[in-house]
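Everything quoted here is computed from the prediction, not taken from an experiment. Order of the sequence lines fixes the chain letters, A, B, ..., with proteins taken first and strands second; residue numbering starts at 1 for each chain. All values below were derived from every heavy atom in this structure, side-chain atoms included, with hydrogens, water molecules and symmetry-related copies excluded.
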2 protein chains.
Amino acid sequence: MPVVSGGQSKPPAIRRIASLAPLSDAEISMLARASAEWTHLTARREFVIEGDPVPQMQILLSGWVASVRQLADGRRQILGFLLPGDIIGLCPQPEPLALSTLTSLTDVSVCPAPRSAPHGSLARAYAMAKALDEAHHLAHICRVGRLNAQERLADLLLELHDRLELAGLTDGGSFELPLTQEILADALGLTQVHVNRTLQLMRRSGDLDWKERRVTLHDPSALAVKIGRDRVRVSALQSPAV
Amino acid sequence: MPVVSGGQSKPPAIRRIASLAPLSDAEISMLARASAEWTHLTARREFVIEGDPVPQMQILLSGWVASVRQLADGRRQILGFLLPGDIIGLCPQPEPLALSTLTSLTDVSVCPAPRSAPHGSLARAYAMAKALDEAHHLAHICRVGRLNAQERLADLLLELHDRLELAGLTDGGSFELPLTQEILADALGLTQVHVNRTLQLMRRSGDLDWKERRVTLHDPSALAVKIGRDRVRVSALQSPAV
DNA sequence: CGAGTACTTGACGGGCGTCAAATGATGTGG
DNA sequence: CCACATCATTTGACGCCCGTCAAGTACTCG
C-alpha cells in the first residue's frame, strides 16, 4: 500500500513525478498530503470506461493499470500501461471523454492529483507527463506496426524497465511484471501462444529470464542496442533517462 | 495556394480549426491575418527532424504531411498524417523535442499559429486539436495492432474522410488522396505489394474506387458499420462528427 | 524516346494464428 | 491437508495471411 515512509526516501509514485521537473518543497508536500488520501481498487476492475466523462485527475500510487480498447468481435488492444507515478485523467480540453477504458491489472491505489498553479513546477511536471504519454503511444505504434515478435517484446520490456527505474522499482535489469502472457499479447498485437514461444526463444538466447512475476533483463543496454532502441526524450531539459 | 477567398466561405484550414470551438470574430480574423503570412514547402522535404527542438507553432494551411519514424535498418513507420487545419509543434512542455520527423508528402503551405489568450476559445480549440491528435494515435495503435489488411485500409480511409470533411475537402464519400501505395503501406504496417492486393479486393467488392489520386468510398457509413468503426469523440461539447 | 516512378501480377516461403490438449500453478472449501 | 476447480503456461500440428522476390505494365517528364 502507499506508505509515506518514515524518514528515508520518497515513495515510488512521488519519486517518479519529481523526476519530471524540479519540484519545490511545498509542491512535494502537496503531493505527499494528497497521497495520504489514497483509495484502493482490486484487480480486474474497469474504473474508467471509454466514451464516458473523464473523472477527477488522479495519481496512480501503486499497482499496474492498462489502457484498453475492445473491438466489437472480442478482439482487444492494449494501448499502454500505467505505472506508479502516472497521471490519470490529464486532459486539457473541456468536458473530456475517456479515449480508452482503464482496467486495473493488479490491486491498485490512487489519490486525487493536486491542482497545479498556472506556472509552477508542478504544472511543468504534468506537461512533461502528458508529453511522455504521447511519446509512449508513438513508440507503441512503431512496435506494433514494424517490429517482429522478439523485437516487440524486448522493446516493450525495455520501456517498462526504464519507466519503473525512475520510480525506484527496478533492481538492476530486474523488475516485477504482474502481467499474464495473454495481456502482453493484447498489448503487442500478437497471440498468447506466440508470446509464449517468443519468450522461450529469448530465454534460450539468454536475453531475459522470467519466473514468479519477475523479469530479469540480463543486459538492458545491450538488448537496447541489439534491437535499435533509443531512450525516450521529450524535452531538452530532460536528462537522457526515461 | 492559401487564398483567403473574397467573400464566400472560410478556407479549409480555418474552417477546420473553427469547428473545434466556437471562435470569436476577433479570433477568426487573427487566424485569417496569420494565414496571410504563409510559407511554401515543396513535396518530400523533412522540415522537422525527430529529436530536434520543436520550431515555432504553425498551422498547416494546405497539403499533406506525414509524421514518420525511421528504424536503423531502413524500415519506416508513419505515425499519422497531418491535414489542412492541423497544428504543428503544439507541445505544452518546456523546450520540447520533436517526437517524430515531419515530411511533406505534397507541396505544402504553413503559417505561424497565433498565440492564444490563456482562457479564450482559441486556447480551447488548440486543446481540442491536441486531444484529437491523441485520439488518432490511439486509433492507429488499434488499427495496426489488431485489424487485418482490409480493415486497416478501410479504417484509415474513413478517418481521413471524416477529418477532411470538417475542412470541406470532401465531396460525398470522395476526396483527394495524394499518397502512394508505399506510403499507405508504411502507415498501415503492411508492404506495398499487399496494400495493392488489398485495394484490388476492396475495389472488386465495391467498397471503394481509387483513380487519379482521388478515392471514393461508395458508402462511408456502411463501410464504418462493416468494420465496426466509431467516430472519434474527445469532448462532450463536441458534435458527433470527427 | 529513354529513364524514372508508381502500379500490377505471379510464385513461393515464413511468421504468426488457430485449434487442441497436456502440464503446472494457485486458491478454496471440506 | 488434501480434493478439486480455475487459471496460466507450455507444446504440437497445421494452415493462412502477409512478406519477399521478381518481372512486367502503365504513366510522367525531360
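Between the side chain of B/Gln77 and the main chain of B/Asp186, a donor-acceptor pair closer than 3.5 Å is present. Judged by distance alone, the side chain of B/Thr103 and the main-chain N or O of B/Glu46 form no donor-acceptor pair under 3.5 Å.
For the pair B/Arg203 and C/dT8, the criterion of a side-chain N or O lying under 4.0 Å from OP1 or OP2 is met. Contact check, A/Gln181 against D/dT10: a side-chain N or O comes under 4.0 Å of OP1 or OP2. Here B/Asn196 reaches the OP1 or OP2 of C/dT8: one of its side-chain N or O atoms lies under 4.0 Å away.
Electrostatic pairing of A/Glu159 and A/Arg143 counts as a salt bridge here, judged by a charged N lying under 4.0 Å from a carboxylate O.
A pairwise comparison of heavy atoms in A/Arg152 and A/Leu147 identifies NE-O, 2.7 Å as the closest pair. Scanning all heavy atoms of the two residues, the minimum distance from B/Leu99 to A/Ala131 falls at CD1-O, 4.2 Å.
Looking at heavy-atom distances under 4.0 Å, A/Leu199 makes no contact with the nucleic acid at all. Residue A/Gln200 is in sugar-phosphate contact alone, with no base atom involved, counting any heavy-atom pair closer than 4.0 Å across all strands shown. B/Arg146 comes within contact range of no nucleotide atom at all, as no heavy-atom separation falls under 4.0 Å. B/Arg44 comes within 4.0 angstrom of the backbone, heavy atoms only, and of no base.
If you measure from atom CD of A/Gln192 to atom P of D/dA8, you get 9 Å, rounded to the nearest angstrom. Rounded to whole Å, the distance from CZ on A/Arg204 to C1' on D/dT10 is 10 Å. Taking atom CZ of residue B/Arg143 and atom P of nucleotide D/dC18, one finds them 16 Å apart after rounding to whole Å. To the nearest angstrom, P of D/dC18 lies 10 Å from CG of B/Leu201. Across the protein-nucleic acid pair, A/Trp210 atom CH2 and D/dT9 atom C1' stand 10 Å apart, rounded to whole Å. Whole-Å rounding puts the B/His194 NE2 to D/dC21 P distance at 17 Å. A/Leu184 has its CG atom 13 Å from the P atom of D/dA8, to the nearest Å. One atom, CZ of B/Arg75, and another, P of D/dG19, lie 12 Å apart when rounded to the nearest Å.
The listed nucleotides are C/dC16, D/dC18, D/dC21; the one nearest the side chain of B/Val193 is D/dC21.
Nearer the 5' end of DNA chain C, as judged by each residue's closest nucleotide, is the contact made by A/Leu147, out of A/Glu212 and A/Leu147.
A donor N or O paired with an acceptor N or O is found under 3.5 Å between the base of D/dG12 and the side-chain atoms of A/Arg197. Remark: the A/Arg213 side chain and the D/dT9 base include no donor-acceptor N/O pair separated by less than 3.5 Å.
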